[in-house]
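See structure below.
Counting starts at 1 for both ligands and their atoms, in listed order.
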Amino acid sequence: MTHTKAYAAQEAKAPLTPFSFDRRDPGPHDVAIDIKFCGICHSDIHQARDEWGGASFPMVPGHEIAGVVSAVGSNVTKFRVGDHVGVGCFVDSCRTCPECQAGIEQYCATRPVFTYNSAESDGTPTQGGYSERIVVDENYTLRIPGNLPLDAAAPLLCAGITLYSPLRHWNAGPGKKVAIIGLGGLGHMGVKIAHAMGAEVTVLSHSESKRADAARLGADHYFNTGDPDTFTSLARSFDLIVNTVSAELDWDAYIRLLKIDGAMVVVGIPDKQVPVGAFPLVGGRRSLAGSMIGGIAETQEMLDFCGRHNIVSDIETIAIQQVNEAYERVLRSDVRYRFVIDLATLNSK
Ligand code: NAP
Ligand code: ZN
Ligand code: ZN
């Protein structure tokens, strides 16, 4: 066991404070990783505040992990000491169900073992990336391309794959009109990736303030959803809309912005039920769908795609001691566009 420094929430809604716990020693198939950087995903806040129910404490959040391999187990073949690696939202799954066999382990029928707020098969609680190290099976460890800086690559492990997967599944590419609702951590990755895939990209944002940024990130168009004209002028415009917002929105109004046969894919997770009418769907043979992160193979494909296109997140790096303030700023949409914790600061006063 290795003593590991971290920051944890001791109970729902409590501020995160210094905490330590033991990580297992690497087994034959494990990779030990010195965590260098960890992104702050809005899901960390939802879970540290128990907004989805069933949270377990103490909780060390963090599932956008980038680091360097410090040791490998005797049977590890994919990684060596010194490699740049990442860990995303899950660290294991049953490996035998049809979903695991198909490489979509995020939908494991038994339930994937999430990186934190979950339990290993032996019952040990999992703890996330706001910590100095982690030990993960090599089959659930990702390789970060050498040309990508570890700090700005960290958010690819959740925000990046959460947008890449639906963009691929619904065939974003040349000739396709794609809209991204919400220019936050997820949304800004969606703009960069959809643009690199060759789609025509529109940002639907709830204020004017990100217009210049959207263009810089690769968006072709920007509309303020606070302006009612947006919804009349864009009717029947998009092949695909990816909704990254967790605030309550009128989904019907957005579904009407789809072309015939278009799809709106929900990735943001509101804590309340959203009412949806039949008419906007029926009246355009439209689909309303959801999507959750991506499987291990697809996450590696996304990292390699980002390596080829030089795509990383726009980040603001913080010390771990600033994490509670950063949470408040995420809730105010006051981040351009992802906070990343520098874990070296765990050792500063
Ligand atoms: P974020 O950085 O806070 O971005 C959310 C964006 O939503 C904001 O930047 C803002 O964009 C928009 N927004 C905020 N308040 C709004 C309001 N009142 N009305 C309309 N729009 C508003 O969060 P994130 O990390 O991208 O995560 C977004 C959601 O996705 C969270 O619910 C998270 O749990 C979920 N998530 C899901 C998955 C998955 O696998 N499905 C994975 C990761 C995260 P504008 O200012 O541009 O409007
Ligand atoms: Zn996340
Ligand atoms: Zn499974």
Side-chain angles (χ1 to χ4, degrees), residues 38-49 51-52 61-65 88-90 92-117 121 128-129 154-166 179-191 203-211 213-214 217 219 222-226 242-250 254 265-272 289-296 299 313-316 326-339:
C38 184
I40 296 179
C41 178
H42 205 124
S43 303
D44 298 346
I45 305 176
H46 289 307
Q47 292 179 83
R49 300 188 174 195
E51 291 170 356
W52 295 342
H63 58 208
E64 292 184 338
I65 298 170
C89 298
F90 59 97
D92 203 354
S93 64
C94 85
R95 309 182 191 207
T96 56
C97 74
E99 290 77 16
C100 284
Q101 295 281 311
I104 47 173
E105 304 91 349
Q106 75 274 30
Y107 303 119
C108 173
T110 312
R111 195 173 98 102
V113 176
F114 292 105
T115 304
Y116 66 89
N117 193 21
S121 49
L156 300 178
L157 275 303
C158 175
I161 185 58
T162 299
L163 272 289
Y164 182 88
S165 185
I180 306 286
I181 313 177
L183 196 62
L186 266 55
H188 93 291
M189 290 313 313
V191 170
V203 168
L204 302 173
S205 183
H206 80 303
S207 77
E208 271 304 313
S209 64
K210 300 174 182 171
R211 187 178 286 277
D213 282 356
L217 296 166
Y222 182 97
F223 289 86
N224 177 352
T225 53
V242 184
N243 178 4
T244 74
V245 177
S246 56
E248 284 168 72
L249 299 182
D250 176 0
Y254 289 90
V265 182
V266 173
V267 295
I269 306 177
D271 54 9
K272 296 202 180 71
S291 182
M292 186 172 80
I293 44 178
I296 292 296
T299 305
S313 177
D314 283 26
I315 59 166
E316 183 177 334
Y327 274 21
E328 294 303 324
R329 285 184 53 196
V330 171
L331 293 172
R332 294 198 301 269
S333 292
D334 176 22
V335 47
R336 300 284 190 277
Y337 278 88
R338 202 56 143 184
F339 286 115

Residues Ile293, Cys158; criterion side-chain contact (heavy atoms from CB on, under 4.5 Å); working and verdict: CA-CA 7 Å; Ile293 44 178; Cys158 175; 4.1 Å; yes
side-chain contact (heavy atoms from CB on, under 4.5 Å) between His206 and Leu183, worked out: CA-CA 9 Å; His206 80 303; Leu183 196 62; over 6 Å; no
Test side-chain contact (heavy atoms from CB on, under 4.5 Å) applied to Leu331 and Arg49, step by step: CA-CA 12 Å; Leu331 293 172; Arg49 300 188 174 195; 3.2 Å; yes
From CA spacing to verdict: side-chain contact (heavy atoms from CB on, under 4.5 Å), Glu316, Arg329: CA-CA 12 Å; Glu316 183 177 334; Arg329 285 184 53 196; 3.1 Å; yes
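The minimum heavy-atom distance between Cys108 and Cys94, with the atom names listed, is SG-N, 3.4 Å. Nearest heavy atom pair, residue Glu51 against residue Asp271, reads O-CB, 4.2 Å. Contact between Ala326 and Phe339 at its shortest, heavy atoms only, is O-CE1, 3.5 Å.
From the protein, the heavy atom lying nearest to atom 7 (O) of ligand 1 is Val245 CG2, 3.6 Å. In this structure, atom 42 (C) of ligand 1 lies nearest to the protein heavy atom Thr162 OG1, 3.3 Å. Scanning the protein for heavy atoms near atom 26 (O) of ligand 1, the closest one is Leu186 N, 2.8 Å. Counting only heavy atoms of the protein, atom 3 (O) of ligand 1 lies nearest to His42 ND1, 2.8 Å. Residue, atom and distance of the protein heavy atom nearest to atom 46 (O) of ligand 1 are Lys210 NZ, 2.7 Å. Residue, atom and distance of the protein heavy atom nearest to atom 31 (C) of ligand 1 are His46 NE2, 3.5 Å. With respect to atom 8 (C) of ligand 1, the closest heavy atom belonging to the protein is Ser333 OG, 3.6 Å.
For the Zn ion (ligand 2), the set of nearby N, O or S atoms under 2.8 Å includes one belonging to Cys158. The nearest N, O or S atom of His42 is not closer to the Zn ion (ligand 2) than 2.8 Å.
Contact annotation: for Ser43 versus ligand 1, heavy atoms closer than 4.0 Å belong to both the backbone and the side chain. Only the side chain of Cys158 comes within 4.0 Å of ligand 1, judged by heavy-atom distances. Residue contacts with ligand 1 for Thr244 involve N, CA, C or O but no side-chain atom from C-beta outward (heavy atoms, distance under 4.0 Å). The parts of Ser205 lying near ligand 1 are both backbone and side chain, judged by heavy-atom distances below 4.0 Å. Of all the heavy atoms of Leu249, the ones lying under 4.0 Å from any atom of ligand 1 belong exclusively to the side chain.
Side-chain atoms of Tyr116 and Asp44 include a donor-acceptor pair closer than 3.5 Å.
Of all atoms in ligand 1, numbered sequentially from 1 with element shown, those under 4.0 Å from a heavy atom of Ser291 are 39 (C), 40 (O), 41 (N).
Heavy atoms of Arg338 come nearer than 4.0 angstrom to ligand 1 in at least one pair. Residue contacts with ligand 1 include Trp52, since one or more of its heavy atoms lies under 4.0 Å from the ligand.
Side-chain contact between Cys41 and His63 is present, with at least one heavy-atom pair separated by less than 4.5 Å. Considering only heavy atoms from C-beta on, Arg336 comes within 4.5 Å of Ser209 through its side chain. Side-chain contact between Ile65 and Cys38 is present, with heavy atoms from C-beta onward closer than 4.5 Å.
Side-chain atoms of Ser291 never come within 3.5 Å of backbone atoms of Val267 as a donor-acceptor pair (strictly under, hydrogens ignored). Glu64 contributes a side-chain N or O that, together with a main-chain N or O of Ala159, makes up a donor-acceptor pair within less than 3.5 Å. Of the possible polar contacts, one joining the Thr225 side chain to the Ser205 backbone as a donor-acceptor pair under 3.5 Å is found. The backbone N or O of Gly268 lies less than 3.5 Å from no partner atom in the side chain of Thr244, so there is not a single donor-acceptor pair.
Atoms SG of Cys100 and SG of Cys94, as seen from the Zn ion (ligand 3), are separated by an angle of 120°, to the nearest 10°.
Considering backbone and side-chain N/O of Gly185, one or more are found under 3.5 Å from N/O of ligand 1. At least one N/O-N/O distance between His206 and ligand 1 falls below 3.5 Å. Close N/O approach between Ile269 and ligand 1 is found [any backbone or side-chain N/O within under 3.5 Å]. At under 3.5 Å, a nitrogen or oxygen of Leu183, whether backbone or side chain, sits near a nitrogen or oxygen of ligand 1. In terms of N/O distances under 3.5 Å, ligand 1 is not approached by Val335. Ligand 1 has a nitrogen or oxygen under 3.5 angstrom from a nitrogen or oxygen of Val267. Below 3.5 Å of separation, one finds an N or O of Ile293 facing an N or O of ligand 1. Checking only distances, Ser207 never comes within under 3.5 Å of ligand 1, N or O to N or O.
With Tyr337 as the partner, the side-chain contact (heavy atoms from CB on, under 4.5 Å) test is satisfied by one option alone out of Leu186, Asp213, Ile315: Asp213.
Considering each of Ala247, Gly88, Gly184, Cys41, the one bringing a non-hydrogen atom nearest atom 9 (O) of ligand 1 is Gly184.
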